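Throughout, a chain's letter reflects where its sequence line sits, starting with A, and its residues are numbered from 1. In this text the structure is predicted, and so the values were computed from the model without any measurement.
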Amino acid sequence: MARASGIYQEEIIPSPMRQIWLHFLSYPVAVLGLWVFIILILVALIGPFVAPYPPHYVHTDALLFPPSWHPDGHIAYFLGTDDLGRDIFSNLLYGVRTTFGASLIVTMCAAFFGIILGVFSGMSKGLKSSILNHILDATLAIPSLLLAIVLVAISGQSLTNVMIAVGVALVPQFMRATHTAVHHELPREYVVAAKLDGANQVQVFFHVILPNILNALVVQTTLAISIAIIDIATLGFLRIGVPSPTSEWGAMLADGVDLIFIAPWNVTIPGLAIFVSVLAINLVGYGLQRAVKEGLG
Amino acid sequence: MWFYIVRRFNLFVLTVAVLYFLVFLMLVALPGDLATNISGQQQASPAQLAELTQTYQLDKNWFNQYISFINQRIHGNFGISFTTNQPIYDEILKFLPATIELCVYATLVALIVGFPLGMLAAIQSQKPADFMVLGVSLIGYSIPVFWLGVIAIMYFGLELQWLPVAGRLNLLYQIEPITGFTLIDIWLSNLEYKQLAYRDAFAHLVMPTLTLAVIPATMVMRITRTAVREELNANYIKASQSRGLSPATIMFRHALPNAMQPIISQLSLQLSTLLTSAMVTEVIFSWPGIGNWLIDAIYQRDYPVISAGLLICAGFIILVSVLTDVVLIATTPKRRSAIDGSS
């Protein structure tokens with residue numbers, strides 16, 4: 001604890017949020033993950049302005065160029081080109097928006113609805129809670145990707161539909177996490193004390209329980225982002241995701257599979273992009289989890 | 001205890017009913033006639049249509065339709081496929097063994113690799129071994145399974161040519177599918193070159209199994225690590241240490257049996273992740289299982305097959321979670337107080 005510079009040797013105890021943040025900063029890997037995360041957000045915002053070419057511009061004189069560090073590579077095509085002469089680097093930059101950016105938005109929406117529903121099922125008792133729980137159990141039992149696939153099959157392929165499908169598939173997981181967290185806190189003594197003080201359900205939730213479960217929800221959100229990225233990319237890979245004129249990492253990888261023997265970089269580079277972004281988010285999530293555990297004891 | 005088991009069974013029935021309702025809703029929402037979607041009967045003649053209306057009570061209200069839908073499905077009538085016109089029930093029986101085979105082997109590999117490593121990390125807590133295991137599990141958990149499969153095909157299949165890249169068995173070996181499990185079928189067959197057939201079947205199994213095993217293995221590692229470490233911090237462990245019991249005795253007689261409870265209950269929750277990655281793995285390695293069949297059905301817009309696949313996969317997951325709950329309740333009295341409608 002830092003000592004104040006005044007004459008009084010007072011100890012300043014950082015606020016809980018600040019303690020978590022300080023603990024988080026003490027894990028170099030987690031901080032690295034956070035940096036990658038920030039860079040990805042920046043790229044999602046400005047990527048299209050930085051990209052050297054439009055994503056689907058066909059360079060007819062530059063088919064299947066390897067990445068620039070390869071002897072046959074060309075510096076104009078930093079990460080090489082595919083069989084139609086499209087620049088992989090530009091495609092990758094545009095793809096940050098669909099794969100990474102979309103998964104961020106999707107997770108936020110899913111978190112919003114999932115947490116609200118989870119709070120309802122967690123705070124309620126008796127029949128209402130039991131009905132919500134059975135619906136939750138049944139939806140949780142359907143694998144999230146399978147649910148997304150079926151929803152896309154029903155509603156047709158488009159970026160919006162893919163996002164809705166992945167989001168709907170994520171909601172039950174948020175519900176479960178919130179429900180468990182709320183249920184864990186409800187019988188605690190400080191909650192009972194607040195109730196005895198005459199707080200109603202809404203006050204109990206917002207002023208008493210919410211500050212204590214916020215950490216669990218933040219960790220769940222980071223986990224959900226990585227699941228959303230993998231789900232969107234998997235849908236793209238199975239060619240039932242975002243339709244083809246949009247750049248998407250999973251679909252790029254699927255295109256590359258046909259060229260795997262002559263141009264392996266078409267597979268490795270998009271895959272690496274997915275891997276790095278998911279790893280970064282998992283690192284941040286892991287750092288947060290540990291920081292919360294140690295910061296709050 | 002029976003009270004809890006009966007209660008859990010009730011929960012199971014209700015959850016399955018909700019699942020059937022969701023699938024029923026899906027069949028109503030999908031484009032096309034409900035009679036066609038629910039039975040797979042395309043261009044039905046008036047006589048067939050009348051029969052379908054009778055079986056599924058399509059002239060009654062939605063609740064009767066829903067009840068008769070459950071009734072038909074439970075008796076094994078899953079309708080017929082749009083594309084093959086075969087009864088879906090027979091197709092499931094044909095494809096399910098391949099998926100079970102793949103999943104069981106992958107789970108075994110995951111347990112054999114993940115369990116000792118997780119234990120090691122828990123014992124060596126906050127030491128290099130712990131960080132190594134943690135790093136490996138974080139990295140393994142972040143690798144997209146389809147990328148890993150494709151890279152494996154590229155390197156071991158195409159570049160080194162060590163392993164076959166698709167299917168379950170070379171066409172040279174004509175094995176009559178009796179059980180559907182390749183290894184058992186080879187054993188049952190009267191083939192002259194059983195040794196060679198076994199080697200071929202194993203070679204086909206290696207890559208899909210290992211690809212599928214990566215994510216479950218990392219989960220087993222992390223769950224084991226957390227659970228064992230929690231137990232090792234408990235007071236009764238300190239008590240047995242001060243009594244002078246050997247570390248091995250403490251680990252295997254005291255800590256591990258108690259750690260098994262959270263490990264088993266958390267692993268059963270991960271089953272849906274395993275099934276999802278199994279589907280993708282099957283597509284990459286052209287493994288003739290349920291996942292491949294289901295994805296094909298989605299390309300073909302084969303609604304009866306999609307609904308059947310959903311029912312089978314989700315039903316299986318619910319069944320496993322209920323069974324693990326029952327086993328845990330039967331073996332640990334501590335859990336009994338916790339279980340009610342909220343579980």
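- Around CZ of A:F113, the count of heavy atoms belonging to other residues, nucleotides or ligands within 6.0 Å does not exceed 12.
- In this structure, the portions of A:L279 lying under 4.5 Å from any heavy atom of chain B include both its backbone and its side chain.
- Interface remark: B:I298 contributes side-chain atoms only to the contact with chain A (heavy atom separation under 4.5 Å).
- Residue with the most contacts toward chain B among A:G285, A:A233, A:G271, A:G256: A:G271 (heavy-atom pairs, distance under 4.5 Å).
- Put simply, of B:L310, B:L148, B:I318, the one with the most heavy-atom pairs under 4.5 Å next to chain A is B:L310.
- For the pair B:W147 (side chain) and A:G250 (backbone), a donor-acceptor distance under 3.5 Å is absent.
- The part of B:L22 that comes within reach of chain A is its side chain, from C-beta onward, which places non-hydrogen atoms under 4.5 angstrom from that chain.
- Of the atoms belonging to B:I306, it is side-chain heavy atoms, and not backbone ones, that fall under 4.5 Å from chain A.
- Using a 4.5 Å cut-off between heavy atoms, A:F275 contacts chain B through both its backbone and its side chain.
- Contact of B:Y155 with chain A is not made at all, since no heavy-atom distance falls under 4.5 Å.
- Contacts between B:V150 and chain A at a heavy-atom distance below 4.5 Å involve backbone atoms as well as side-chain atoms.
- Of the atoms belonging to B:I151, it is side-chain heavy atoms, and not backbone ones, that fall under 4.5 Å from chain A.
- When the candidates B:V16, B:L134, B:I153, B:V280 are compared by the number of heavy-atom contacts under 4.5 Å with chain A, B:L134 comes out ahead.
- By the 6.0 Å contact criterion, CZ on B:F131 is enclosed, its count of non-hydrogen atoms from other residues, nucleotides or ligands being greater than 12.
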*Test side-chain contact (heavy atoms from CB on, under 4.5 Å) on A:L238 and B:M279 and set out the steps.*
CA-CA 10 Å; A:L238 295 174; B:M279 281 170 53; 5.9 Å; no
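- Ranked by heavy-atom pairs shorter than 4.5 Å toward chain B, the options A:L283, A:N282, A:L272, A:L145 are led by A:N282.
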_Applying side-chain contact (heavy atoms from CB on, under 4.5 Å) to A:V29 and B:L138, what does each step give before you reach the verdict?_
CA-CA 11 Å; A:V29 229; B:L138 269 174; over 6 Å; no
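- Between the SG atom in B:C313 and the CG atom in A:L147 there is a gap of 12.0 Å [rounded to 0.5 Å].
- Considering only heavy-atom pairs separated by less than 4.5 Å from chain B, the leading option among A:L151, A:V257, A:L146, A:I274 is A:L146.
- Of the atoms belonging to B:L294, it is side-chain heavy atoms, and not backbone ones, that fall under 4.5 Å from chain A.
- Only the side chain of B:L269 comes within less than 4.5 Å of a heavy atom in chain A; its backbone stays farther off.
- Contacts with chain A were tallied for B:F21, B:Y20, B:Y299; B:Y299 has the most, counting heavy-atom pairs under 4.5 Å.
- Other residues, nucleotides and ligands contribute only 12 or fewer heavy atoms inside 6.0 Å of the CZ atom of B:F316.
- With a 4.5 Å cut-off on non-hydrogen atoms, B:I139 touches chain A through its backbone and its side chain both.
- With a 4.5 angstrom heavy-atom cutoff, A:T268 touches chain B via backbone and side-chain atoms both.
- Contact detail for A:I230 and B:F146: the closest heavy-atom pair is O-CE2, 4.5 Å.
- When heavy atoms are compared at a cutoff of 4.5 Å, A:L253 approaches chain B solely by way of its side chain, counted from C-beta outward.
- Around OH of B:Y66, the count of heavy atoms belonging to other residues, nucleotides or ligands within 6.0 Å exceeds 12.
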